[in-house]
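What follows is one structure encoded as structure tokens, with my remarks underneath.
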Protein chains: 2
Amino acid sequence: MPESLAGARPTLEAVAARAGVSRATASRVVNGGAGVRPPLVEKVTRAVEELGYVPNHAARTLVTRRTGAVAVIIAEPEIRIFSDPFFSQQIRGISKELTAHDTQLVLLLLEGPGDYDRIARYLAGGHVDGALAFSLHTDDPIPAITRRAGIPAVYGGRPNWSEPAEHRTVPYVDADNRGGARAAVRYLEDLGRRRIAHIAGPRDQTSATDRLDGYRDVLPDADPALIAEGAFTAASGERAMAELLERCPDLDAVFAANDLMASGALRVLKERGRAVPGDVALVGFDDMDAIAEGTDPPLTTVRQDIEGQGRLMARLLLRGLDHERAGAPAPDPVITATTLVRRASA
Amino acid sequence: MPESLAGARPTLEAVAARAGVSRATASRVVNGGAGVRPPLVEKVTRAVEELGYVPNHAARTLVTRRTGAVAVIIAEPEIRIFSDPFFSQQIRGISKELTAHDTQLVLLLLEGPGDYDRIARYLAGGHVDGALAFSLHTDDPIPAITRRAGIPAVYGGRPNWSEPAEHRTVPYVDADNRGGARAAVRYLEDLGRRRIAHIAGPRDQTSATDRLDGYRDVLPDADPALIAEGAFTAASGERAMAELLERCPDLDAVFAANDLMASGALRVLKERGRAVPGDVALVGFDDMDAIAEGTDPPLTTVRQDIEGQGRLMARLLLRGLDHERAGAPAPDPVITATTLVRRASA
DNA sequence: ATGAAAGCGCTAACAC
DNA sequence: GTGTTAGCGCTTTCAT
């Protein structure tokens, strides 16, 4: 490994000089060497190594108008992001895909509502080529900001627009929440269960409402008392289960909109002496192994490939960057498959 | 808000023209406007707004040699980073401090050991002004990489060198683990407990060994059977507690090296019919509110300001960046205070 | 296939 | 105070 001569990083000029070629040729070699004769390629390559040359990123960006970086925007209400394995897996996926394409991940945490300005300025400043964001709120300002900044963006989770017409406007990656929910409820039905309750997630998240819709697809005439709303947390799952038990003591199955709530429900069920799955069959959603495999009994749940979704988001964005000049239309939403994982709780 | 004329972002040149001044003056105004007469400042400011001008980052970096970005490096074994509230809080703190100084956070996730090369190239490429990294492993290559890249770095947690002499080489921020542990054990002593056990963390993390050292400071002659080793997880806390109970049924207090292990220990204690704190007093470490406040009884624990540590890391780095040209020496390590928080478990 | 030269958008001496 | 000018390091026509 070459010694770095503290301070004075070698420039392309230096490489060219050392290799006895022009800067242009040196540049060509550094960028793949297409159309340069092998002996020269060899010479330049050696010079690069000897000098420990690393291209200056700013200079390159200035002329190419490509930064090789992508922003990942995380809204403040998503503070839980880092504690929620869901997001961490998604970020892993994104990171892997970006890395594979030599693209950097710039993390933009919104500390508060006033931060949208800062983000807007940043995005407009040409720091990044594109942006990735998660679970937009109702009429979230982010899409408008990226549009104004003129950079492409891909979203994780179906945006929650108040205008349904806007849905097609932005590209997003989402799991087949509705289909997964349908599969879960049908499975419970096939088990012979007749009083199937649902612990739904918060009404303002599409993943929650889609799962609720899936439940209703299968059980259009379900007793409304069989539906309780939670907040995707274990504690809220406990509360919802208690409610449900009170309202419908005769229930014989529960489909919870995520594993965390299912784990809470399980705790309450056991406390009240209901055997799982004997008396009450229980199905979750997400298949977060840290949760679903750790409960007693382990959770039957709907699995989605979260890391894969993250990778897909990044891939979609990168593809968009490549086609950008072609003025390609925003890619269609991508819905990833879900599968039912049978364990012991149902 | 000005319409963006898709594609053609206005340059400083355009601003200057519109304001009827030279590019230099426009630049001065954009950068604070020191030494420019108010009327001109006003004119330029208006032009900036009307045009929706945002400085081109690459151009600026090219001449100033400052990127306004800092890398946060997260090693692969730290995959748990995102699920561990410890790291998430630290990152929050870092993000806040960086944002306050108009500096961006570039996230570098190491996907595997081979990734060190990629990181090294990135850091050498002048993408960032400095780097932040966490809990270095024994003889971690990161410090060498940043040194070779010629960029300053600050670490979170005392590095685990095999050469003690190296300790002073790198600046780091760490909690007063040893002092906090001492306080916890003394508190237990003051409660009148005489058989105080310790559930230690993994031997290869300085935070764990420092806490063990603190325990030993107070109890130099403690029965070795009173010490069990866990892995900072709840499950390992359960295992360690079971061990301890078997070896020393007469123990009357436990100091666990973190809250997660304390919560596991608590579970086992209750299972075996030991009243907490009646029969066995229990103290944790970290004060992760999601855990410590949620147990029954709530955990007495040693609190450290994790977000503050993150902020401190960023501040130290930024300060280093400012003094860089002055060839200032690496700042000394900073040890942040810990405080005992009394709840009900001891 | 290679080189010469222009210029990306900005800041910082240096003159005035 | 303000304008003029010279690059920062690189890619990319355009000649050759």
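Letters A, B, ... are given to chains in the order of the sequence lines, protein chains preceding strands, and every chain is numbered from 1.
- Counting only heavy atoms from C-beta outward, the side chains of B/M313 and B/L316 never approach each other to under 4.5 Å.
- Under the salt bridge (Lys or Arg N to Asp or Glu O under 4.0 Å) criterion, the residue pairs touching residues 15-30 of chain B are B/E13-B/R23, B/R18-B/E50, with sequence neighbours excluded.
- The side-chain hydrogen bond (donor to acceptor under 3.5 Å, both in side chains) check on A/T103 picks up nothing, with sequence neighbours excluded.
- Annotation: salt bridge (Lys or Arg N to Asp or Glu O under 4.0 Å) contacts of B/R311 (sequence neighbours excluded): B/E307.
- In this structure, the salt bridge (Lys or Arg N to Asp or Glu O under 4.0 Å) partners of B/D115, at least two apart in sequence or on a different chain, are B/R118.
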> Quick one: what's the B/S/- string for nucleotides 8-16 of chain D, heavy-atom cutoff under 4.0 Å, read 5' to 3'?
Replying inline: BBBBBB---

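- Partners of B/A19 by side chain to side chain contact (heavy atoms under 4.5 Å, CB included), not counting sequence neighbours, listed by chain and number: B/V21, B/K43, B/V44, B/A47.
- Shown here are the salt bridge (Lys or Arg N to Asp or Glu O under 4.0 Å) partners of A/R46, two or more places apart in sequence or in another chain: A/E42.
- Exactly one residue among B/V334, B/I94, B/I335, B/T336 makes a side-chain contact (heavy atoms from CB on, under 4.5 Å) with B/Q309. That residue is B/T336.
- Looking at B/P152 and B/L321, their side chains come closer than 4.5 Å, going by heavy atoms from C-beta outward.
- Residues passing the side-chain hydrogen bond (donor to acceptor under 3.5 Å, both in side chains) test with A/T138 are A/N160, sequence neighbours excluded.
- Five base pairs at each end of the helix from C/dA1-D/dT16 to C/dC16-D/dG1 define two local axes, and these are offset by 40° (rounded to 10°).
- Remark: B/R147 CZ to B/L123 CG distance equals 13.0 Å, nearest 0.5 Å.
- Residues from residues 34-46 of chain A lying near DNA chain D, meaning a heavy-atom separation below 4.0 Å, are absent.
- Contacts of B/A133 classified as side chain to side chain contact (heavy atoms under 4.5 Å, CB included), with partners at least two apart in sequence or in another chain: B/I73, B/L136, B/I142, B/Y155.
- Of all nucleotides in DNA chain C, those with any atom nearer than 4.0 Å to a heavy atom of chain B start and finish, going 5' to 3', at C/dG9 to C/dA13.
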